[in-house]
Amino acid sequence: MRKTLKMVLYGEPGEGKSTFVSKSKNPFYISTDGNFEWLDLPEQNHKQIFSFTEFKNIVKDMIDNPAKYAQFDVIAVDLIEDVFKWCEFEYCKRNRVEHVGDIGYGKGYDISRNEFYIEICKLLGLDKHVVLIAHGFTKTETNNRGVNVTKYLPSDRIPSKVWDMIEGRVRYFLRAFSRDEETSEGKFVKRRYLSLIPKQGEYGISRGLNEAEVPEDIDLDWNTFITVIGLEDDATPVVETQKSRKPKIIKTEQVKEEPKLKAEPKVESAPIVEEKQKVVEEPKVESAPVVESAPVVKEEPKVVEEPKVEEKQAPIVKEEPKVEQVKEESMAERIARIKAQFGKK
């Protein structure tokens with residue numbers, strides 16, 4: 001007997017849930033959010049629905065006409081919470097009420113939830129892999145000890161009681177998440193993972209796996225997941241998207257050739273600037289004669305023993321003795337005058 005995968009995959013928007021399932025073998029999407037166009041799949045691999053009635057009709061068509069969907073191995077509902085809300089809306093419309101709670105005490109909730117649950121059970125009963133995709137959110141609560149506890153839960157648009165019923169019908173109820181990791185080059189890259197073993201505070205279940213042998217988290221890759229749970233025969237063969245990655249590597253190699261331009265700029269050898277610096281150092285020697293102003297002090301006799309700099313100062317020394325001679329002549333003249341005055345007397 002063929003083993004089939006029944007699974008609920010939830011995670012915050014943008015984690016790569018739809019892309020994860022799109023890498024499976026011949027998937028068929030029952031799409032509610034209109035994002036199928038962004039997946040690398042043929043148009044015939046999906047059905048866009050806009051109501052709960054359309055969902056029931058396509059499930060009925062799969063049961064009544066199995067040959068019509070024989071080419072598809074995986075059935076994905078994206079998103080399951082939209083189907084639930086449409087179910088409540090149509091129930092209220094049939095009963096001409098605005099809210100499910102308007103019909104008796106709990107009666108409206110019970111009827112609408114059972115109607116939704118029955119259709120999900122029909123879908124899960126198909127001899128195909130079935131993946132129900134849902135959004136998720138993070139919630140922080142404070143326990144009785146005053147400690148903050150982080151919880152990871154599927155969309156609250158579906159009540160927890162309904163999620164509990166669905167969890168009992170699937171084999172895997174797993175969360176997709178991502179985190180930023182630093183590469184060896186020092187860059188941060190976002191990597192996506194699948195929480196294969198639910199942790200504390202994380203809603204989910206994983207049946208039939210040995211937690212001691214299976215990693216808690218694996219890459220968010222369909223083939224990796226299928227191999228870990230033992231369904232290697234349903235792994236996807238080499239997809240064309242892998243070929244499209246090769247040209248990216250070629251582009252990077254072309255970019256590696258560009259750095260040659262960095263070696264070409266001979267501007268690095270512009271020692272012309274260094275020569276200018278040397279020229280700047282030479283005028284420092286010319287400015288050294290500023291010391292000529294220093295000899296204003298009486299230390300001129302000591303300067304006589306200094307090098308050629310004294311020759312430049314020599315003219316200053318020649319002028320000084322002239323002043324001294326003028327002073328000596330004035331004294332002699334005075335003495336001569338005094339003697340002349342005494343002589344006259």
Side-chain angles (χ1 to χ4, degrees), residues 4-21 24 30 32-33 74-88 100 109-110 112-114 116-121 123-124 129-179 190-222 224-226 228-229:
T4 56
L5 171 67
K6 312 300 179 182
M7 173 184 180
V8 175
L9 176 65
Y10 74 96
E12 296 185 3
E15 296 295 355
K17 303 179 294 296
S18 301
T19 304
F20 167 75
V21 181
S24 61
I30 302 176
T32 66
D33 58 1
V74 180
I75 306 298
V77 182
D78 189 11
L79 298 155
I80 190 61
E81 62 260 36
D82 292 344
V83 178
F84 177 79
K85 281 302 177 182
W86 284 337
C87 177
E88 285 189 336
V100 182
Y109 292 105
D110 190 53
S112 60
R113 293 175 184 179
N114 285 341
F116 170 77
Y117 179 67
I118 289 171
E119 295 301 323
I120 295 301
C121 289
L123 181 63
L124 294 175
H129 301 311
V130 179
V131 181
L132 307 178
I133 302 175
H135 283 157
F137 69 101
T138 304
K139 183 179 181 181
T140 303
E141 296 179 347
T142 304
N143 59 17
N144 297 331
R145 298 179 179 178
V147 179
N148 291 333
V149 179
T150 302
K151 294 185 177 181
Y152 303 96
L153 306 170
S155 175
D156 54 0
R157 297 181 66 190
I158 296 181
S160 59
K161 293 182 179 179
V162 179
W163 279 128
D164 292 341
M165 291 190 295
I166 296 175
E167 184 188 36
R169 295 300 302 268
V170 299
R171 190 169 184 82
Y172 301 100
F173 201 118
L174 306 178
R175 181 176 74 97
F177 67 97
S178 63
R179 59 175 173 238
K190 178 179 285 188
R191 292 193 60 184
R192 293 174 169 83
Y193 295 95
L194 181 66
S195 180
L196 195 59
I197 305 298
K199 288 78 173 173
Q200 183 177 4
E202 185 176 88
Y203 188 92
I205 192 170
S206 184
R207 293 184 170 94
L209 294 179
N210 188 347
E211 298 183 3
E213 298 178 356
V214 175
E216 292 185 353
D217 301 324
I218 61 174
D219 290 335
L220 190 61
D221 177 73
W222 178 264
T224 303
F225 172 64
I226 288 296
V228 171
I229 64 176

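Hydrogens, waters and symmetry mates are skipped; everything else that's a heavy atom, side chains included, is used.
When Ile30, Ile133, Thr32, Ile120 are each tested for a side-chain contact (heavy atoms from CB on, under 4.5 Å) with Ile80, only one passes: Ile120.
Contact between Leu174 and Ser195 at its shortest, heavy atoms only, is CD2-O, 3.5 Å. Heavy atoms only, all atoms of each residue included: Gly136 and Pro13 are closest at O-CD, 4.4 Å. In terms of heavy-atom proximity, Ser112 sits nearest to Glu88 at OG-CG, 4.1 Å. Residue Pro215 comes nearest to Ile197 through the heavy atom pair O-CG1, 4.0 Å, listed as atom of the first residue, atom of the second, then distance. Nearest approach of Phe116 to Ile158, heavy atoms of both residues: CZ-CD1, 4.5 Å. Nearest heavy atoms, His135 versus Tyr10: O-CB, 4.0 Å.
Side-chain contact check for Phe225 versus Ile218: some heavy-atom pair is nearer than 4.5 Å. Contact annotation: the side chain of Pro159 approaches that of Phe84 to within less than 4.5 Å [non-hydrogen atoms, C-beta and beyond]. Taking the side chain as every heavy atom from C-beta outward, Leu5 and Tyr172 approach each other to under 4.5 Å.
At a threshold of 4.0 Å, the pair Arg191-Asp219 counts as salt-bridged, since one of the basic side-chain nitrogens sits closer than that to a carboxylate oxygen. Here Lys199 pairs with Asp217 in a salt bridge; the nearest charged N to carboxylate O distance falls below 4.0 Å. Ion pairing between Asp82 and Arg157 holds under the 4.0 Å rule for side-chain N and carboxylate O. Between Lys151 and Glu202, no side-chain nitrogen of the basic residue sits less than 4.0 Å from a carboxylate oxygen of the acidic one, so the salt-bridge criterion is not met. A salt bridge is defined here as a Lys NZ or Arg NE, NH1 or NH2 lying under 4.0 Å from an Asp or Glu carboxylate O, and Glu167 with Arg169 fails to meet this definition.
Separation of atoms CG (Asp33) and OG (Ser18) is listed at 6.0 Å; rounding is to 0.5 Å. Atom-to-atom distance recorded for Arg179:CZ and Arg192:CZ is 13.0 Å, nearest 0.5 angstrom. Here OH of Tyr109 is found 10.5 Å from NZ of Lys161. Values are rounded to the nearest 0.5 Å. In this structure, the separation between CG on Asp221 and OG1 on Thr19 is 11.5 Å, given to the nearest 0.5 Å. The line from SG of Cys87 to CD of Glu119 is 8.5 Å long, rounded to the nearest 0.5 Å.
Trp163 places a side-chain N or O within donor-acceptor distance of the main-chain N or O of Ser155, the cut-off being under 3.5 Å. Lys17 places a side-chain N or O within donor-acceptor distance of the main-chain N or O of Gly11, the cut-off being under 3.5 Å.
Side-chain atoms of Asn148 and Thr140 form no donor-acceptor pair, as typed in the model, at a separation below 3.5 Å.
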Exercise. Given side-chain contact (heavy atoms from CB on, under 4.5 Å), test Phe177 with Glu12 step by step and report yes or no.
Key: CA-CA 7 Å; Phe177 67 97; Glu12 296 185 3; over 6 Å; no

Quiz prompt | Test side-chain contact (heavy atoms from CB on, under 4.5 Å) applied to Leu132 and Val130, step by step | solution = CA-CA 7 Å; Leu132 307 178; Val130 179; 4.1 Å; yes

Self-check item: Test log, rule side-chain contact (heavy atoms from CB on, under 4.5 Å), inputs Met7 and Leu9
Solution: CA-CA 6 Å; Met7 173 184 180; Leu9 176 65; 4.0 Å; yes

Quiz item: Can Glu216 and Leu196 be said to form a side-chain contact (heavy atoms from CB on, under 4.5 Å), step by step?
Solution: CA-CA 5 Å; Glu216 292 185 353; Leu196 195 59; over 6 Å; no

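Other residues, nucleotides and ligands place more than 12 heavy atoms under 6.0 Å from the CD atom of Glu141. Residue-environment remark: CG (Asn210) exceeds the threshold of 12 foreign heavy atoms within 6.0 Å.
The ring of Tyr152 has its center no closer than 6.0 angstrom to the ring center of Tyr203.
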